[in-house]
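Along the sequence shown, residues carry numbers from 1.
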Amino acid sequence: MGPPRRGTARAAALPAGRPLPSFTQHLPSARSLAISIALLALAVGAYVLARQTSVFALREVDVRGGTPALKEQVREALAPEFGRSLVALRPVDVESRLAAVPGVLAVRMDRDFPHTLRLVITPERPVLLL
């Protein structure tokens, strides 16, 4: 008798007639894949619907920080955004509109669903007045 051949010890340890395990045992079933794809499609559809519908339309802008005059200028600058969905409203859009407002150094945006946009304004502080 010579040395045992490779794989014979593993084959001897398995019961007779039982196939070797394969990687396909760890794959999800077709049913779980179909359910996962359906849930993903449902989530994407809900997001697209929320972006397009007026359910989350902007109706109120709550501004904190700055003077009352500055707050009013901010509201006026954002007036074209009223009626647009909060889901579709991007921080870049708000920042670009507020770039034209003098006195606004920085802005922090928070969507308060269903209809409110909350802004925290950091006003510019004049260093020297002539």
side-chain contact (heavy atoms from CB on, under 4.5 Å), that's the test. Do Thr116 and Arg118 meet it? Break it down for me. CA-CA 6 Å; Thr116 305; Arg118 297 198 189 283; 4.2 Å; yes
What do the steps show when you test Leu119 against Arg108 for side-chain contact (heavy atoms from CB on, under 4.5 Å), and what is the final call? CA-CA 6 Å; Leu119 300 173; Arg108 193 177 78 227; over 6 Å; no
Test item: Arg111 side-chain N/O and Leu89 main-chain N/O as donor-acceptor pair under 3.5 Å: yes
In one Ile/Leu/Val/Met/Phe/Trp/Tyr side-chain cluster, 4.5 Å: Leu78, Phe113: yes
Would a distance-only check, ignoring hydrogens and angles, find a side-chain to backbone donor-acceptor pair under 3.5 Å from Arg90 to Val94? no
Going by an N to O cut-off under 4.0 Å, is there a salt bridge joining Arg64 and Asp62? yes
Which pairs would a plain distance check flag for residues 45-54, meaning a side-chain donor or acceptor within less than 3.5 Å of a matching protein atom at least two apart in sequence or in another chain?
residue : atom : partner : partner atom : Å
Tyr47   : OH   : Arg51   : NH1          : 3.4

With the side chain counted from C-beta on, respond yes when Val107 and Val120 share a heavy-atom pair under 4.5 Å apart, and no when they do not. no
Ile121 vs Val63, side-chain contact (heavy atoms from CB on, under 4.5 Å): CA-CA, chis, key distance, verdict: CA-CA 7 Å; Ile121 300 294; Val63 183; 3.6 Å; yes
Could you please spell out the steps behind the side-chain contact (heavy atoms from CB on, under 4.5 Å) verdict for Leu117 and Asp112? CA-CA 6 Å; Leu117 178 66; Asp112 187 12; over 6 Å; no
Can you hop from Leu70 to Leu105 via hydrophobic side chains spaced under 4.5 Å? no
Give a yes or no on whether the backbone of Leu58 and the side-chain of His115 come within a donor-acceptor separation of less than 3.5 Å. no
Which heavy atom of Asp93 sits nearest a heavy atom of Glu81, and at what distance? CB-OE2, 4.5 Å
Judged by atom type as modelled, is there a donor-acceptor pair below 3.5 Å linking the side chain of Ser32 to the main-chain atoms of Pro28? no
